[in-house]
Amino acid sequence: MRATQLFFPTLREVPSEAEMISHKLLLRGGFIRRVGAGIYDYLPLGYRVIKRIERIVREEMDAQGAQELLMPMLIPAELYQETGRWQEDVLFRLKDRADREYALGFTHEEVITDIVRRDVRSYRELPLNLYQIQTKGRDEPRPRGGVVRGREFIMLDAYSFDRSYEDMDLAYEKMRTAFSRIIARCGLDAIVVEAESGAIGGKENEEFMILADSGEDTVLRCANCGYAANAERCEVGRRDAGRPRVGKQDLRLVDTPGQRTIEEVTQFLGKRPEELVKTLIYKAGDRVIAALVRGDRDLNESKLARLLEVKRVEMADAETIESVTGAEVGFAGPIGLNNVKIIADWEVASMTDFVVGANKTDAHYVGANLDRDFKVDLWGDIRIASEGDPCPRCSGTLNSLRAIEIAHIFKLGTLYSEAMGAKFLDSDGREKPFVMGCYGIGVSRMLAAIPEVFNDADGMIWPISVAPFEVVVLLLNPEDDQQCNAAARVYEDLQLRGVDVLLDDRDERPGVKFKDADLIGIPIQVVCGRLASEGKVEVKLRAGGDKEQIDLGAAPSRVIQLRESLYQRLEEKADAVSVRRT
RNA sequence: CGGGGCGUAGCGCAGUUUGGUCAGCGCGCUAGUUUUGGGAACUAGAGGUCGCGAGUUCAAAUCUCGCCGCCCCGACCA
């Protein structure tokens with residue numbers, strides 16, 4: 001491809017819409033443009049990267065025996081209604097001229113299950129793994145970071161169908177391998193963490209996380225044993241619990257007029273947040289409960305819901321809180337709270353002489369102690385894990401890291417097949433629901449995650465496997481015949497040898513070409529400049545290293561050698577992650 | 001949905017406090033000349049419903065009200 005034929009509008013200045021590094025660079029490099037909030041164009045360079053990522057995805061999915069198909073993105077309401085997901089608030093809903101309802105597909109469990117329930121009858125047709133690469137629509141509450149979280153995005157979604165949980169586990173492991181290899185071949189290092197399953201459901205699930213300070217997610221990892229989990233899910237180890245020490249202080253009621261928040265109360269009483277116990281009133285199904293965590297901690301609603309064996313819990317409204325506590329919001333406490341169940345985080349068990357709300361407007365208790373002043377009905381791990389917390393698996397501590405979630409895999413079991421009546425006849429002559437798994441990778445998110453990790457002050461640095469071009473030939477002065485001839489020769493030779501090469505033949509000054517080449521991050525650069533008069537060109541890696549001066553005739557072979565070694569490195573990386581456990 | 005910020009030429013911004021002297025600057029773009037190893041110089045140009053609507057006023061980018069859009073933080077989230 002000649003640069004004079006290529007549409008890649010680069011920008012010298014960063015559009016003010018961008019905050020994340022990858023977003024700025026993708027805009028500046030002419031890879032993407034914004035159409036609306038969370039809606040983007042993929043310009044030629046960006047789309048080239050997308051296509052190369054998709055190709056890697058297809059190769060690895062096919063290698064694991066998965067088959068590609070394509071489902072609609074316009075989904076009749078009835079399908080989502082079958083499983084109750086028509087209520088999901090991320091759904092983009094629309095109506096046709098006859099007032100029939102549809103949604104844009106946001107994930108396709110119902111659609112794929114519908115395919116399989118119609119046409120798969122026997123265990124002999126299993127296992128089955130079907131995937132698609134498709135644009136999804138989700139009415140995200142807050143799109144972010146350009147193509148990192150769009151309301152429309154390209155995703156690989158795969159679905160496995162098996163006759164048993166054992167077979168599902170095998171399918172899951174295969175997808176785990178495929179995903180690990182895909183991510184490695186794209187040059188990235190992922191850590192696999194335990195996660196919440198959210199709107200997809202199912203029990204076991206893992207996310208593939210790319211470490212990046214700008215990431216939206218927090219991962220906690222134990223350096224000692226390797227346990228890693230999304231902060232939404234992460235368990236907290238229990239230390240020193242179950243043996244409440246006796247406090248020294250008597251219980252005292254103190255006036256705290258208008259002091260409601262932890263910050264206000266600590267300031268007013270001259271205490272630290274760790275000396276308070278927060279009492280949160282929640283609705284769990286039709287019950288109201290009180291949950292206790294240390295003042296500086298956050299409650300994890302998913303953990304609380306699991307402990308109480310309900311689907312979800314939600315904060316009680318002001319009216320409920322007032323009727324339960326007999327006080328205005330901001331003064332709830334466990335003492336004298338008789339008609340609701342009290343659930344406490346393990347950590348509270350080791351606290352003494354703490355501050356709690358008094359269930360009386362404008363008052364708190366100080367010197368509160370367990371058992372003596374109130375009883376806890378149920379203990380559990382109900383807080384959000386954070387930096388420095390004890391590891392739940394060993395004696396180590398957890399470190400907190402920021403990350404971008406690039407993929408998520410789920411063991412669904414029979415969640416969808418039962419809801420939708422998708423059954424097959426097993427070898428024992430019985431009808432059974434399919435045992436399913438589902439697996440997603442954010443393809444367009446990968447377009448952002450890669451330069452988020454690989455960049456420098458001059459721009460992006462694409463791994464060769466996904467680069468928009470493998471090589472760029474910089475013709476510095478298109479009016480110099482020797483330079484032109486050298487550039488044409490290298491360009492044509494590389495093309496003949498199957499290299500994806502861009503020739504910068506634009507009528508621009510050398511500085512512009514160097515800057516653009518660096519910005520768009522093509523991994524191998526060949527410079528045809530002054531040295532052409534001596535029959536030489538320069539070859540350089542974008543990622544760094546010296547410029548090599550090479551005889552014109554030898555240049556294409558040298559480029560191909562470099563190219564092969566770059567691919568080699570990525571292959572080795574993929575092999576390393578696919579043998580390392582699963 | 002809560003909090004904060006922004007909206008003036010393709011991009012980045014000044015001007016808004018104190019209404020008039022206000023349609024400006026840099027980059028980019030067009031033409032010409034010179035230039036050609038890290039975002040060239042000069043000359044001459046093109047380009048704007050100042051987000052939209054209503055109002056106040058002799059006069060509105062500037063003041064008032066309403067609306068729309070976008071970004072960031074939080075909530076939420078595959």
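Chain identifiers are assigned alphabetically (A, B, ...) following the order of the sequence lines, protein sequences preceding nucleic acid strands; residue numbering begins at 1 within each chain.
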Checklist entry - Should B/A40 form a Watson-Crick or G-U wobble pair with both distances under 3.5 Å, which nucleotide is its partner? => result B/U34

Item to check | Separation of B/C76 P from A/Glu232 CD (nearest whole Å) | outcome: 9 Å

Checklist outcome for this item: Pairing partner of B/U17, by Watson-Crick or G-U wobble and under 3.5 Å for both distances, is none

Item to check | Whole-Å C1' distance, B/G4 and B/A60 | outcome: 27 Å

Checklist outcome for this item: From CZ of A/Phe106 across to C1' of B/C77 the rounded distance in Å is 11 Å

Checklist entry - Quick one: is A/Ser16 getting a side-chain N or O under 4.0 Å of the B/G12 phosphate, OP1 or OP2? => result yes

Item to check | Expected output: side-chain A/Arg28 to main-chain A/Glu13 donor-acceptor under 3.5 Å | outcome: no

Checklist entry - If you look at every strand shown and take non-hydrogen atoms under 4.0 Å, does A/Phe153 touch a base, only sugar-phosphate, or nothing? => result base

Item to check | Atom C1', compared across B/C72 and B/C67: separation rounded to whole Å | outcome: 22 Å

Checklist entry - Which whole number of Å gives the distance between the C1' atom of B/U16 and that of B/C76? => result 37 Å

Checklist outcome for this item: salt bridge (charged side-chain N to carboxylate O under 4.0 Å, His left out) test vs A/Arg542 passes for just one of A/Asp456, A/Asp458, A/Asp516, namely A/Asp456

Item to check | Matching residue for A/Val490 among A/Val526, A/Ile550, A/Val501, A/Val539 - test: side chain to side chain contact (heavy atoms under 4.5 Å, CB included) | outcome: A/Val526

Item to check | Separation between the P atoms of B/U43 and B/G26, rounded to whole Å | outcome: 12 Å

Checklist entry - Does B/C65 have a Watson-Crick or wobble partner in any strand here, with both distances under 3.5 angstrom, and which is it? => result B/G53

Checklist entry - Of A/Glu140 and A/Arg151, whose nearest nucleotide on RNA chain B comes first from the 5' end? => result A/Arg151

Checklist entry - 5'-most contact on RNA chain B: A/Val14 or A/Val90, nearest heavy atom basis? => result A/Val14

Checklist outcome for this item: Across all chains, not counting sequence neighbours, the ring pair (Phe, Tyr, Trp, His ring centres under 6.0 Å) partners of A/Tyr159 are none

Item to check | Between P of B/C71 and CZ of A/Arg149, the distance in whole Å | outcome: 14 Å

Checklist entry - Quick one: NE2 on A/His108 to CG on A/Leu130, what's the gap to the nearest 0.5 Å? => result 13.0 Å

Checklist entry - Checking A/Lys411 against A/Tyr172: charged group under 6.0 Å from the ring centre and within 45 degrees of the axis? => result yes

Item to check | Between C1' of B/C71 and CD of A/Glu216, the distance in whole Å | outcome: 15 Å

Item to check | Whole angstrom value for the distance that separates C1' of B/C6 from CZ of A/Arg34 | outcome: 12 Å

Checklist entry - Which whole-number value in Å describes the distance from A/Leu27 CG to B/C70 P? => result 15 Å

Checklist entry - Does a donor on one side chain sit under 3.5 Å from an acceptor on the other, for A/Thr83 and A/Glu109? => result no

Checklist entry - Using 30° and 60° as the class limits, which term best fits the ring planes of A/Tyr40 and A/His23: parallel, tilted or perpendicular? => result perpendicular

Item to check | Euclidean distance for C1', B/C63 against B/A59 (whole angstrom) | outcome: 13 Å

Checklist entry - Would a line drawn from the ring center of A/Tyr131 to the ring center of A/Tyr439 be shorter than 6.0 Å? => result no

Next on the checklist: Let's test this: given Watson-Crick or G-U wobble pairing with both distances under 3.5 Å, identify the partner of B/A75.
Outcome noted: none

Checklist entry - Expressed as a whole number of Å, how far does the C1' atom of B/G28 sit from that of B/A46? => result 13 Å

Next on the checklist: If I pick the P atom on B/A44 and the same atom on B/G39, what distance separates them, to the nearest angstrom?
Outcome noted: 25 Å

Next on the checklist: Output the rounded distance in Å from CD (A/Glu314) to P (B/C1).
Outcome noted: 18 Å

Between the protein and nucleotides 72-75 of chain B, which nitrogen or oxygen pairs are less than 3.5 angstrom apart?
| unit_1 | atom_1 | unit_2 | atom_2 | d |
| --- | --- | --- | --- | --- |
| B/C73 | OP2 | A/Arg142 | NH1 | 3.0 |
| B/C73 | OP2 | A/Arg142 | NH2 | 2.7 |
| B/C73 | OP2 | A/Arg144 | NE | 3.4 |

Item to check | Matching residue for A/Phe434 among A/Phe161, A/Tyr165, A/Tyr416 - test: ring pair (Phe, Tyr, Trp, His ring centres under 6.0 Å) | outcome: A/Phe161

Checklist outcome for this item: Scoring nucleotides 35-45 of chain B by protein non-hydrogen atoms under 4.0 Å (B base, S sugar-phosphate only, - none) yields BBBBBB-----

Item to check | Pairwise distance CD1(A/Ile154) to CD1(A/Ile133) - rounded to 0.5 angstrom | outcome: 9.0 Å

Next on the checklist: Both distances below 3.5 Å, Watson-Crick or wobble geometry, any strand: find the nucleotide opposite B/G45.
Outcome noted: B/C29

Item to check | C1' atoms of B/C68 and B/U30, separation to the nearest Å | outcome: 35 Å

